[in-house]
Engineer: 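Encoded as structure tokens, here's the structure I'll be asking about.
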Amino acid sequence: MRSASLSRVTKETEVFVELNLDGKGKSEIDLEDRFLKHMLETFSTFSTFDLRVRAKGDLKHHLTEDVAITMGQALDKALNRNEVVRFGFSVIPMEDALVLVSVDLAKRAYFNSNLALQTSSEFEPSLIMHFLRSFAFYGMFTLHVYQISGSDPHHLVEACFKGLGISLNQATRIGGKTLSVKGSL
């Protein structure tokens, strides 16, 4: 079973994450930040990963960062990179928003995005970018997120998390020996 459970406890946060890559998209998210909770539920549904998160912390920034770090570490721990397809991508429309998401699980942590998020009453745009960057870096994967069109911040972020789920679902599929010119990742 490709799963991992991890805890992260600091002076600022307490985070527990359980991730099952071979799940059914079930989520159990215990988190005060309702928007991040919604995005994690969306990610779980579209990745078909089962995801449990219990987290509390002093500041939204610390909580967002530590949830992303712990999720990334759980993903890295659950993966056997020598048997997965490795790449995944999606282009997700959500009304005005059209977002492209692409991942490579080659253990090269990288994040790039052109998301132009406007200030929203629901979330801080910098926290969304920080979540994505931290998740990619601690998950040891390359993540590109590109806004093709759209202006509604909620739609852009939700399309992003749907695309991230779909892309990671594709990339983590068992596909025999992972392709690499070097012979291994």
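Residue numbers count from 1 along this sequence.
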Engineer: Taking only residues two or more places apart in sequence, or in another chain, which ones meet S3 in a side chain to side chain contact (heavy atoms under 4.5 Å, CB included)?
Structural biologist: M1, N20
Engineer: Taking side chain to side chain contact (heavy atoms under 4.5 Å, CB included) as the test, write out the residues that go with A109, two or more places apart.
Structural biologist: F137, M140
Engineer: At their closest point, which heavy atom of L143 faces which heavy atom of L132, and how far apart are they?
Structural biologist: CD2-O, 3.8 Å
Engineer: Please check if I128 and I29 belong to a single hydrophobic cluster, counting links between Ile, Leu, Val, Met, Phe, Trp and Tyr side chain heavy atoms closer than 4.5 Å.
Structural biologist: yes
Engineer: In Å and rounded to the nearest 0.5 Å, what is the OG to NZ distance from S27 to K37?
Structural biologist: 8.5 Å
Engineer: Does D66 have any salt bridge (Lys or Arg N to Asp or Glu O under 4.0 Å) partners at least two apart in sequence or in another chain, and if so, which?
Structural biologist: R8
Engineer: Going hydrophobic residue to hydrophobic residue with side-chain gaps under 4.5 angstrom, can you get from F135 over to L79?
Structural biologist: yes
Engineer: Roughly how far apart are F123 CZ and L117 CG, rounded to 0.5 Å?
Structural biologist: 5.0 Å
Engineer: Treat each ILVMFWY residue as a node, draw an edge where side-chain heavy atoms are under 4.5 Å apart, and state whether L168 and F111 are in one component.
Structural biologist: yes
Engineer: Would a hydrophobic clustering, with Ile, Leu, Val, Met, Phe, Trp and Tyr connected at side-chain separations under 4.5 Å, put V103 with L115?
Structural biologist: yes
Engineer: Does any N or O in the side chain of Q147 come within less than 3.5 Å of the main-chain N or O of A116, such that one atom is a donor and the other an acceptor?
Structural biologist: yes
Engineer: Can you measure from CD (E124) to NZ (K60) and round to the nearest 0.5 angstrom?
Structural biologist: 6.0 Å
Engineer: Show me the donor-acceptor pairs, under 3.5 Å and distance only, between side chains in residues 153-165 and residues at least two apart or in other chains.
Structural biologist:
residue: H154; atom: ND1; partner: E122; partner atom: OE1; Å: 2.8
residue: H154; atom: ND1; partner: E122; partner atom: OE2; Å: 3.0
residue: H154; atom: NE2; partner: E158; partner atom: OE1; Å: 2.9
residue: H155; atom: ND1; partner: D96; partner atom: OD1; Å: 2.7
residue: E158; atom: OE1; partner: H38; partner atom: NE2; Å: 3.3

Engineer: Return the minimal non-hydrogen interatomic distance between V17 and A74, and the atom names on each side.
Structural biologist: CG1-CB, 4.1 Å
Engineer: Nearest 0.5 Å, please: how far is CG in N169 from CZ in F46?
Structural biologist: 11.5 Å
Engineer: For a side-chain contact (heavy atoms from CB on, under 4.5 Å) check, start with the C-alpha distance between D152 and E95, then their side-chain angles and the critical distance, and finish with the verdict.
Structural biologist: CA-CA 9 Å; D152 183 291; E95 294 182 29; over 6 Å; no
Engineer: To the nearest 0.5 Å, tell me how far S47 OG sits from Q170 CD.
Structural biologist: 12.0 Å
Engineer: Within the 4.5 Å heavy-atom criterion, are R2 and I174 side-chain neighbours or not?
Structural biologist: yes
Engineer: With sequence neighbours left out, what residues match H61 under side chain to side chain donor-acceptor pair (under 3.5 Å)?
Structural biologist: none
Engineer: Quick one: list whatever passes side chain to side chain contact (heavy atoms under 4.5 Å, CB included) with Q73, sequence neighbours left out.
Structural biologist: L6, I69, Y138
Engineer: Under 3.5 Å, side chain of S44 to main-chain N/O of F49, donor-acceptor pair present?
Structural biologist: yes
Engineer: Can you measure from CG (L75) to OG1 (T70) and round to the nearest 0.5 angstrom?
Structural biologist: 12.5 Å
Engineer: Tell me, please, which residues at least two apart from D33 pass side chain to side chain donor-acceptor pair (under 3.5 Å).
Structural biologist: none
Engineer: Between D50 and K24 (side chain of the first, backbone of the second, donor and acceptor by atom type, cut-off under 3.5 Å), is there such a pair?
Structural biologist: yes
Engineer: Hey, is K11 close enough to D58 for a salt bridge, meaning N to O under 4.0 Å?
Structural biologist: no
Engineer: Let me see the working for M129 and S113 under side-chain contact (heavy atoms from CB on, under 4.5 Å), right down to the final yes or no.
Structural biologist: CA-CA 8 Å; M129 302 305 274; S113 176; 3.4 Å; yes
Engineer: Identify the two heavy atoms, one from S151 and one from Q118, that lie closest to each other, and give their separation to 0.1 Å.
Structural biologist: O-CG, 4.5 Å
Engineer: For S167, which residues count as a side chain to side chain donor-acceptor pair (under 3.5 Å) partner, sequence neighbours excluded?
Structural biologist: S90
Engineer: OH of Y146: more than 12 outside heavy atoms within 6.0 angstrom?
Structural biologist: yes
Engineer: Do L36 and L63 have side chains that approach each other closer than 4.5 Å (heavy atoms only, starting at C-beta)?
Structural biologist: no
Engineer: Under the salt bridge (Lys or Arg N to Asp or Glu O under 4.0 Å) rule, collect the residues that match up with R54, sequence neighbours excluded.
Structural biologist: none
Engineer: Go through the steps to decide whether D22 and T172 satisfy the test side-chain contact (heavy atoms from CB on, under 4.5 Å), and finish with yes or no.
Structural biologist: CA-CA 9 Å; D22 300 312; T172 58; over 6 Å; no
Engineer: Locate the shortest heavy-atom distance separating D104 from R86; write the atom from each residue and the value.
Structural biologist: OD1-NE, 2.7 Å
Engineer: Determine the minimum heavy-atom distance between L31 and A55, stating which atoms define it.
Structural biologist: CD1-CB, 3.6 Å
Engineer: Can you tell me if T13 uses its side chain to pair, donor with acceptor, with the backbone of V15 under 3.5 Å?
Structural biologist: no
Engineer: List in chain and number order the residues that pass side chain to side chain contact (heavy atoms under 4.5 Å, CB included) with K56, two or more places apart in sequence or in another chain; answer none if no residue qualifies.
Structural biologist: E14
Engineer: Got a sec, which residues hit side chain to side chain donor-acceptor pair (under 3.5 Å) with R133, two or more places apart in sequence or on another chain?
Structural biologist: none
Engineer: State plainly whether one hydrophobic cluster holds both F131 and I92, where clusters connect Ile, Leu, Val, Met, Phe, Trp and Tyr through side-chain heavy atoms under 4.5 angstrom apart.
Structural biologist: no
Engineer: Identify the heavy atoms of A136 and Y110 that sit nearest to each other, and give their distance.
Structural biologist: CB-O, 3.8 Å
Engineer: Go through the structure and list residues passing salt bridge (Lys or Arg N to Asp or Glu O under 4.0 Å) with E28, not counting sequence neighbours.
Structural biologist: R52
